[in-house]
Visitor: 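This structure is in structure tokens; I'll ask about it shortly.
Note that these values count all heavy atoms, side chains included, but never hydrogens, waters or copies made by symmetry. Atoms within a ligand are numbered from 1 in the order they appear, just like the ligands themselves. The structure presented is a predicted model; accordingly, all values stated were derived computationally and were not measured.
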Amino acid sequence: MWVWPIVYFALGMFNILFAWLGMIDFMLPLMFAVFGGNKYFCNHLCGRSQLFAYLPGKLRCSRGKLAPGWMRSSWFRYAFLVFFMAMFANVCWQSWLVFGGARPVSETVKLLWVFRVPWGWANVAGIVPDWAVQFAYGLYSLMLTSALIGLAVMALYRPRTWCAFCPMGAVTQVICRVRGGNERQ
Ligand code: SF4
């Protein structure tokens with residue numbers, strides 16, 4: 001599955017609507033956690049973590065050091081989850097504003113929540129409503145930003161350091177605990 005994130009980001013360079021495929025990475029882990037009480041997605045299907053494990057083996061691009069304690073701590077994990085959810089809520093809000101005609105589509109990808117990168121060439125939506133295009137830009141921004149952070153911590157520390165504070169990993173862990181399931185399945 002390691003090739004999936006590469007395909008995803010490549011598709012989003014040609015047509016931003018492919019960013020909607022990122023919802024699969026949101027919904028699948030939740031479904032396994034809610035209905036199965038397990039983290040099957042994390043352990044077997046997550047392309048992102050498989051890419052982080054694969055790249056250092058091929059390119060020797062990870063220092064392999066243990067991440068600092070704060071980065072592996074519960075408080076950071078859940079604080080980052082709250083922050084990430086707030087950013088996702090903002091994506092939905094911006095899409096709502098476009099839906100209501102309060103603002104036009106922003107044809108940019110926002111990196112690290114700050115830097116706007118022009119991405120207008122990928123807006124080839126045709127008859128798709130503007131709010132759906134705006135959501136695609138927002139989701140792609142979130143996915144790309146989190147991937148870049150994951151790559152950075154992969155290089156600086158151990159390959160799968162991102163998993164220590166990945167929002168989907170955190171939320172599915174909470175769900176599994178509530179359900180009393182086996183988090184390791
Ligand atoms: S914690 Fe996140 S990145 Fe890691 S395997 Fe789970 S969903 Fe994938």
Visitor: Is the contact between Trp162 and ligand 1 made by the side chain, the backbone, both, or neither, using heavy atoms and a 4.0 Å cut-off?
Guide: side chain
Visitor: Under 3.5 Å, side chain of Arg179 to main-chain N/O of Val34, donor-acceptor pair present?
Guide: yes
Visitor: Verify, without hydrogens or angle tests, whether Arg77 (side chain) and Ala164 (backbone) share a donor-acceptor contact under 3.5 angstrom.
Guide: yes
Visitor: What is the closest protein heavy atom to atom 8 (Fe) of ligand 1, and at what distance does it sit?
Guide: Cys46 SG, 2.3 Å
Visitor: Any idea how Phe88 and Phe135 line up, ring-wise: parallel (<30°), tilted (30 to 60°), or perpendicular (>60°)?
Guide: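 Perpendicular: the ring planes of Phe88 and Phe135 meet at over 60°.
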Visitor: Counting backbone and side-chain atoms alike, is an N, O or S atom of Cys163 positioned under 2.8 Å from atom 2 (Fe) of ligand 1?
Guide: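 Here the distance criterion (N, O or S atom, under 2.8 Å) is not met by Cys163, so no.
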Visitor: By number and element, which atoms of ligand 1 are closer than 4.0 Å to a non-hydrogen atom of Ser49?
Guide: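 Answer, ordered by atom number: 4 (Fe), 5 (S).
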Visitor: Which residue and atom name correspond to the protein heavy atom nearest atom 6 (Fe) of ligand 1, and how close is it?
Guide: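 In this structure, atom 6 (Fe) of ligand 1 has Cys42 SG, 2.2 Å as its nearest protein heavy atom.
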Visitor: Check the angle between the aromatic planes of Phe84 and Phe80 and answer parallel, tilted or perpendicular using the 30° and 60° thresholds.
Guide: tilted
Visitor: Please report which non-hydrogen protein atom sits nearest to atom 2 (Fe) of ligand 1, along with the residue it belongs to and the distance in Å to one decimal place.
Guide: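 Sorting protein heavy atoms by distance from atom 2 (Fe) of ligand 1 puts Cys166 SG, 2.3 Å first.
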Visitor: Check whether any heavy atom of Arg160 sits under 4.0 Å from an atom of ligand 1.
Guide: yes
Visitor: How are the rings of Phe83 and Trp113 set to each other: parallel, tilted or perpendicular (split at 30° and 60°)?
Guide: perpendicular
